[in-house]
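Report on the following structure.
What you see is a predicted model; the values in this text were computed from it and never measured. In the text below, chain A, chain B and the rest are named by the order of the sequence lines, each starting its count at 1.
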2 protein chains.
Amino acid sequence: MSISSRFAVGIHILALIDLNKETASSSEFIAGSVNTNAAVIRKIMGMLKKAGLIEVQPGVAGAKLSRALSEITLFDIYKAVNVVEENELFSIHDKPHPDCVVGKNIQSTIEPIFMAAQSAMEKVFQNLTLEDIVKDIEAKEHIQ
Amino acid sequence: MSISSRFAVGIHILALIDLNKETASSSEFIAGSVNTNAAVIRKIMGMLKKAGLIEVQPGVAGAKLSRALSEITLFDIYKAVNVVEENELFSIHDKPHPDCVVGKNIQSTIEPIFMAAQSAMEKVFQNLTLEDIVKDIEAKEHIQ
DNA sequence: TAAACATGTAATCAATGCAGTTACAAGAAC
DNA sequence: GTTCTTGTAACTGCATTGATTACATGTTTA
């Protein structure tokens with residue numbers, strides 16, 4: 001099991017749009033940087049657009065961020081690309097036997113724990129923004 | 001995407017073995033409580049055995065916990081049933097274009113963040129033991 | 001206005017993982 | 001030695017992922 005790379009690609013796309021501000025970032029251009037097919041990029045950009053993170057127009061090349069770098073959290077991107085459903089990171093077997101002490105109670109015992117674990121993971125993304133990503137990339141670039 | 005229910009079932013199995021101490025918990029019996037096939041239970045129990053959490057003997061019904069309830073963390077179970085590989089909860093697209101500022105640096109920028117998110121999630125399980133689970137189930141039982 | 005280029009989206013495909021099921025070898029106990 | 005158990009392997013249907021092709025629709029520009 002692994003969470004879809006749509007999340008990583010989404011971050012890549014947004015960082016690239018910002019760092020390539022001077023020219024239009026077409027889906028073809030972005031696909032070259034990500035190393036995948038342009039249709040894959042367009043699909044993910046459609047999700048980012050739907051979430052209000054970027055502005056794109058049919059027929060016109062490129063996209064621009066809807067908000068400042070510091071106003072786009074990694075959690076925003078995570079939700080946009082729909083890689084994990086709300087409180088469904090962990091699956092729980094259903095219909096355990098109701099006449100068994102464990103079967104009767106296991107779901108309500110485990111659910112809040114799984115929710116807490118998922119929340120702890122998501123909080124990491126809430127505390128980071130695209131600005132952190134872009135600055136890190138720029139810092140690495142200046143060293144070389 | 002969802003993490004395999006093997007984890008939830010693993011917790012169920014271990015709690016049941018403890019709460020059903022007086023009689024032998026055969027794979028058939030456990031399967032009834034979990035509501036699945038006995039072969040599925042045996043497969044998961046094989047993983048728990050391999051991880052040193054339970055003792056089972058081929059041919060003899062039932063299993064017993066290898067350690068005290070308080071000495072078995074949910075993280076131990078999580079690792080035992082192998083639902084998420086080490087530092088691979090999130091997948092990252094590979095071979096981004098090396099001639100691009102973003103492509104060149106995105107992996108090393110994102111990787112530590114994904115690792116931190118996974119660690120935050122796993123820490124929740126490190127801080128909980130089977131004892132917490134069993135006590136919660138018992139508490140619910142006493143209310144009813 | 002027509003050709004060239006862009007996005008949006010649907011359909012298809014191979015690969016993978018999950019969970020259920022059946023089957024059976026090997027061990028244990030009565 | 002019959003019966004019950006665990007341990008495994010093989011196969012199934014199903015869902016998701018990511019790549020790919022194709023094409024309708026919109027925009028630009030020559």
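In this structure, the CD1 atom of A/Ile44 is 9 Å from the C1' atom of D/dG18, given to the nearest Å. For B/Glu85 and C/dT16, the CD to P distance is 15 Å, given to the nearest whole Å. Rounded to whole Å, atom P of D/dT6 lies 11 Å from atom NZ of B/Lys49. Atom CD1 in A/Ile41 sits about 12 Å away from atom P in D/dT20, given to the nearest Å. We find that CD of A/Glu28 is positioned 12 Å from C1' of C/dT7, with the value rounded to whole Å. Per the geometry, CZ belonging to B/Arg6 stands 10 Å off P belonging to C/dG17, to the nearest Å. Taking atom CZ on B/Phe29 and atom C1' on D/dT6, their separation rounds to 17 Å, with Å as the unit. Across the protein-nucleic acid pair, A/Ile30 atom CD1 and C/dA6 atom P stand 12 Å apart, rounded to whole Å.
Using a 4.0 Å heavy-atom cutoff across all strands shown, B/Lys50 reaches no nucleic acid atom at all. B/Ser2 comes within contact range of no nucleotide atom at all, as no heavy-atom separation falls under 4.0 Å.
Of the listed nucleotides (D/dT6, D/dT20, C/dT22), D/dT20 has the atom at the smallest distance from the side chain of A/Asn37. Of the candidates D/dT17, C/dC18, C/dG27, the closest approach to any side-chain atom of B/Ser4 belongs to C/dC18. Distances from the side chain of A/Val56 to the nucleotides D/dG7, C/dA19, C/dG8 place C/dG8 closest. Proximity note for A/Pro58 (side chain, C-beta onward) versus C/dG20, D/dG18, D/dG26: the nearest is D/dG26. For A/Val60, the listed nucleotide lying nearest its side chain is D/dT27; candidates were C/dA23, D/dT27, C/dG8. When the nucleotides C/dA23, D/dA19, C/dA6 are ranked by their closest atom to the side chain of A/Val40, D/dA19 comes out on top. Here the nucleotide nearest the side chain of A/Ala39, chosen from C/dA10, D/dT5, C/dG8, is C/dA10. Here the nucleotide nearest the side chain of B/Ala61, chosen from D/dT8, D/dG18, D/dT5, is D/dT5.
The backbone N or O of B/Thr109 sits nowhere less than 3.5 Å from a side-chain atom of A/Asp136 that would complete a donor-acceptor pair. Formation of a donor-acceptor pair under 3.5 Å by the A/Thr36 side chain with backbone atoms of A/Ala31 is not found in this model. A/Asp132 places a side-chain N or O within 3.5 Å of a backbone atom of A/Thr129 that can act as its donor or acceptor partner. Judged purely by atom type and a 3.5 angstrom limit, B/Ser25 has no side-chain atom pairing as donor or acceptor with the backbone of B/Ala63. Looking at B/Ser66, its side chain does come within 3.5 Å of a backbone N or O of B/Gly52 through a donor-acceptor pair.
Looking at which nucleotide of DNA chain C each of B/Gln57 and B/Val83 is closest to, the 5′-most match is held by B/Val83. The residue among A/Ile3 and A/Gly59 whose nearest nucleotide of DNA chain D lies closer to the 5′ end is A/Ile3.
Ring geometry for B/His12 versus A/His93: interplanar angle of 30 to 60°, hence tilted.
Listed by chain and residue number, B/Lys21 satisfy the side chain to side chain donor-acceptor pair (under 3.5 Å) test with B/Asp18 (two or more places apart in sequence, or in another chain). Residues passing the ring pair (Phe, Tyr, Trp, His ring centres under 6.0 Å) test with B/Phe29: none are found, sequence neighbours excluded.
When the C1' atoms of four end pairs are superposed on the next four at each end of the helix from C/dT1-D/dA30 to C/dC30-D/dG1, using five pairs per end, the two resulting axes differ in direction by 0°, to 10°.
At C/dT7, one or more side-chain N or O atoms of A/Ser27 fall inside 4.0 Å of OP1 or OP2 (strictly under the cut-off).
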